[in-house]
Amino acid sequence: MNDPRFKIAHKEAWIGVALAIIHFLWWYGFAYGIGSNKVEQYTYILGLPAWFFYSCVLGFIIIVVLVFISVKLFFKDVPFEDEGSEEQ
């Protein structure tokens with residue numbers, strides 16, 4: 001049986017994996033890129049070190065927006081019931 005729901009679920013799973021990789025790369029890049037300086041050289045945003053603000057605060061906001069956009073544009077509402085089965 002070739003159920004089209006599996007193709008949709010497979011595509012949506014890869015989108016989720018891609019978003020997780022993007023989030024990790026964003027976090028790692030800012031946390032270890034900017035955060036590897038000496039503490040005396042840190043700059044601060046809203047009282048937080050810039051590396052923390054960009055990696056954790058801004059990164060979280062950006063990934064939430066990307067997830068929202070992905071769900072609205074690429075995800076489809078798929079019924080869980082088999083199309084061929086009758087309700088009892």
Side-chain angles (χ1 to χ4, degrees):
M1 179 175 359
N2 192 6
D3 194 343
R5 296 178 294 176
F6 290 114
K7 184 177 180 182
I8 293 169
H10 188 73
K11 179 187 85 167
E12 292 174 357
W14 278 113
I15 291 171
V17 168
L19 288 170
I21 291 170
I22 289 168
H23 188 211
F24 177 77
L25 292 174
W26 177 280
W27 173 84
Y28 189 87
F30 279 105
Y32 288 101
I34 298 175
S36 62
N37 294 335
K38 294 181 181 183
V39 176
E40 296 83 22
Q41 297 175 341
Y42 284 174
T43 57
Y44 293 88
I45 300 172
L46 300 175
L48 300 169
W51 67 266
F52 182 84
F53 179 81
Y54 289 126
S55 66
C56 296
V57 177
L58 187 62
F60 172 76
I61 293 169
I62 287 174
I63 205 67
V64 166
V65 170
L66 287 176
V67 168
F68 181 79
I69 291 169
S70 297
V71 168
K72 288 293 183 184
L73 293 179
F74 303 116
F75 284 40
K76 296 181 181 178
D77 191 17
V78 178
F80 291 125
E81 296 83 24
D82 287 335
E83 293 174 1
S85 67
E86 298 178 19
E87 289 189 34
Q88 298 178 3

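Since this is a predicted model, take the numbers as computed values, not measurements. Excluded from the calculations below are hydrogen atoms, water molecules and symmetry mates; all remaining heavy atoms, backbone and side chain alike, are included.
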Table please: side-chain donor-acceptor pairs of residues 38-52 below 3.5 Å, with sequence neighbours left out.
| from | atom 1 | to | atom 2 | distance (Å) |
| --- | --- | --- | --- | --- |
| Tyr42 | OH | Gly35 | O | 3.0 |

* Asked: By side chain to side chain contact (heavy atoms under 4.5 Å, CB included), which residues pair with Leu73, not counting sequence neighbours?
  -> Ile69
* Spatial distance of atom CH2 (Trp26) from atom CD1 (Ile62) [nearest 0.5 Å] -> 3.5 Å
* **Within one Ile-Leu-Val-Met-Phe-Trp-Tyr cluster: Leu58 and Val67, side-chain cutoff 4.5 Å** => yes
* Hydrophobic side-chain clustering at under 4.5 Å (ILVMFWY, transitive links): who's grouped with Phe68? Put none if nobody. => none
* Quick one: closest heavy-atom pair of Ser55 and Ala31, and the distance? => CB-N, 3.8 Å
* List for me each residue that meets ring-ring contact (aromatic ring centres under 6.0 Å, His included) alongside Tyr54, sequence neighbours excluded, and say none if there are none. => Phe30
* Do Val57 and Ile63 share a hydrophobic cluster (ILVMFWY, side-chain heavy atoms under 4.5 Å, transitive)? -> yes
* Asked: Counting only heavy atoms not in Phe60, do more than 12 sit closer than 6.0 Å to its CZ atom?
  -> no
* **Donor-acceptor pair, side chain of Arg5 and main chain of Val78, under 3.5 angstrom** => no
Please list every donor-acceptor pair under 3.5 Å in which a side-chain atom of residues 6-25 meets a protein atom from a residue at least two apart or in another chain.
| from | atom 1 | to | atom 2 | distance (Å) |
| --- | --- | --- | --- | --- |
| His10 | NE2 | Trp14 | NE1 | 3.0 |
| Lys11 | NZ | Phe74 | O | 3.2 |
| Glu12 | OE2 | Lys76 | N | 2.9 |

